[in-house]
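A short worksheet on the structure shown next.
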Number of protein chains: 2
Amino acid sequence: MPAQQPSLDAIFSALADPTRRAILGMLLEDDMAVTDVAAPFEMSLAAISKHLAVLAAAGLIRQERRGRIIWCKLEPDGLRNASVWMQGFGQFEPVDLDDFERFLREALPLADGDDAQP
Amino acid sequence: MPAQQPSLDAIFSALADPTRRAILGMLLEDDMAVTDVAAPFEMSLAAISKHLAVLAAAGLIRQERRGRIIWCKLEPDGLRNASVWMQGFGQFEPVDLDDFERFLREALPLADGDDAQP
DNA sequence: CCCATATTCAACCGGCAAGTTAAGCAAAGC
DNA sequence: GCTTTGCTTAACTTGCCGGTTGAATATGGG
């Protein structure tokens with residue numbers, strides 16, 4: 001189970017479901033067994049189990065069995081790629097694309113050897 | 001059309017589609033007409049039109065008609081809520097600048113035309 | 001060993017999302 | 001005024017998604 005870097009597709013569509021976001025919120029506080037995760041929701045255990053599978057496939061949680069209990073724990077780095085992707089859009093103000101580019105050229109010393117800018 | 005604060009559901013599921021993310025990437029460079037947005041994709045204009053509608057409903061872009069052309073422009077604040085939500089999980093530092101750089105270099109291949117490759 | 005607990009698997013269903021084509025509108029151009 | 005250009009709507013197909021139920025699997029306890 002190399003869990004090879006999940007796609008943004010997987011991550012964002014995992015996040016698109018309110019139940020799954022709620023689960024992530026719960027796991028933020030503490031690791032939980034599947035049954036306990038399911039408790040507050042008004043849907044079958046199987047449904048929650050599927051949701052957890054989706055989250056795991058997206059690399060947002062990890063499930064590890066200890067005894068007959070499967071513990072679900074947040075995988076904090078799972079959100080990193082998505083977060084980084086989003087920051088690319090949100091970071092700059094309305095339409096300061098020029099400013100942004102200038103910032104980039106300064107902030108990226110290793111962009112291309114030298115930033116000889118006439 | 002007050003465009004009342006779109007839900008996280010709407011935002012994340014809008015972002016879950018690679019075509020839509022690509023569109024956002026294009027609009028990051030410049031405002032575009034619908035037809036021009038559709039050009040690089042191998043799907044019908046109608047399909048792209050729908051994608052744009054989804055993005056607009058999610059508050060990620062705005063479409064305004066001028067003449068017979070409808071201009072699509074990024075709505076940078078549209079990502080803010082989602083970003084904030086995600087930061088809530090950021091037990092990891094807000095945004096790793098290294099990651100940010102890497103993202104930028106991939107996402108903005110042609111952000112400027114002057115200093116091209118030799 | 002047998003039973004209870006914990007979780008998934010399998011088969012199924014309704015609904016929605018994404019794509020298609022074809023028709024419909026609106027604004028410009030000749 | 002008719003045609004062309006730009007875009008949306010409508011109607012339809014297809015496939016996936018989220019849910020259900022019921023059986024299957026694994027583990028721990030008495």
Between the CD1 atom in A/Ile48 and the CG atom in A/Asp36, the distance rounded to the nearest 0.5 Å is 12.0 Å
Could you state the interatomic distance from CE (B/Met32) to CE (B/Met26), rounded to the nearest 0.5 Å?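 One finds 3.5 Å between CE of B/Met32 and CE of B/Met26.
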Provide, to the nearest angstrom, the distance between the [atom1] atom belonging to [X] and the [atom2] atom belonging to [N].
X: B/Met32; N: D/dG6; atom1: CE; atom2: P; answer: 13 Å
X: B/Leu52; N: D/dG6; atom1: CG; atom2: C1'; answer: 13 Å
X: B/Asp9; N: C/dC16; atom1: CG; atom2: C1'; answer: 14 Å

Counting only heavy atoms and a strict 4.0 angstrom limit, can you tell me which residues of residues 34-49 of chain A come near DNA chain C?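 Residues of residues 34-49 of chain A that come under 4.0 Å of DNA chain C are, in numerical order, A/Val34, A/Thr35, A/Leu45, A/Ala46, A/Ser49.
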A/Ile23, A/Val34, A/Asp31 screened by side chain to side chain contact (heavy atoms under 4.5 Å, CB included) with A/Cys72, the one that passes: A/Val34
Given A/Leu79, which partner from the list A/Leu60, A/Leu74, A/Leu24, A/Val84 fulfils the side chain to side chain contact (heavy atoms under 4.5 Å, CB included) test? A/Leu60
Measuring to OP1 and OP2 of C/dG19, would you say a side-chain N or O of B/His51 lies under 4.0 angstrom away? yes
Any chance you could lay out the side-chain contact (heavy atoms from CB on, under 4.5 Å) test for A/Trp85 and A/Ile11, step after step, and finish with the verdict? CA-CA 11 Å; A/Trp85 186 89; A/Ile11 298 175; over 6 Å; no
Strand-adjacent residues in residues 57-72 of chain B, judged by heavy atoms under 4.0 Å from DNA chain D: B/Gln63, B/Arg68, B/Ile69, B/Ile70
Taking only heavy atoms on the protein side, list every residue of residues 12-22 of chain A lying under 4.0 Å from any atom of DNA chain D, sorted numerically.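 Residues of residues 12-22 of chain A under 4.0 Å from DNA chain D: A/Asp17, A/Arg20.
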Has the side chain of B/Arg20 got a donor or acceptor atom that lies under 3.5 Å from a matching backbone atom of B/Ala14?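 Checked: pair present.
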Counting distance only, does the side-chain N/O of A/Arg65 pair as donor-acceptor with the main-chain N or O of A/Gly67 below 3.5 Å?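 Looks like yes, one N/O pair under 3.5 Å.
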Hydrophobic cluster identity match, B/Phe41 and B/Leu55, side-chain contacts under 4.5 Å: yes
Flag the pair A/Leu15 / B/Leu8 as yes when at least one side-chain heavy-atom distance between them is below 4.5 Å, and no otherwise.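 No - every pair of side-chain heavy atoms lies 4.5 Å or more apart.
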If you define the side chain from C-beta out and look only at heavy atoms, does anything of A/Arg21 sit under 4.5 Å from B/Asp9?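 In contact.
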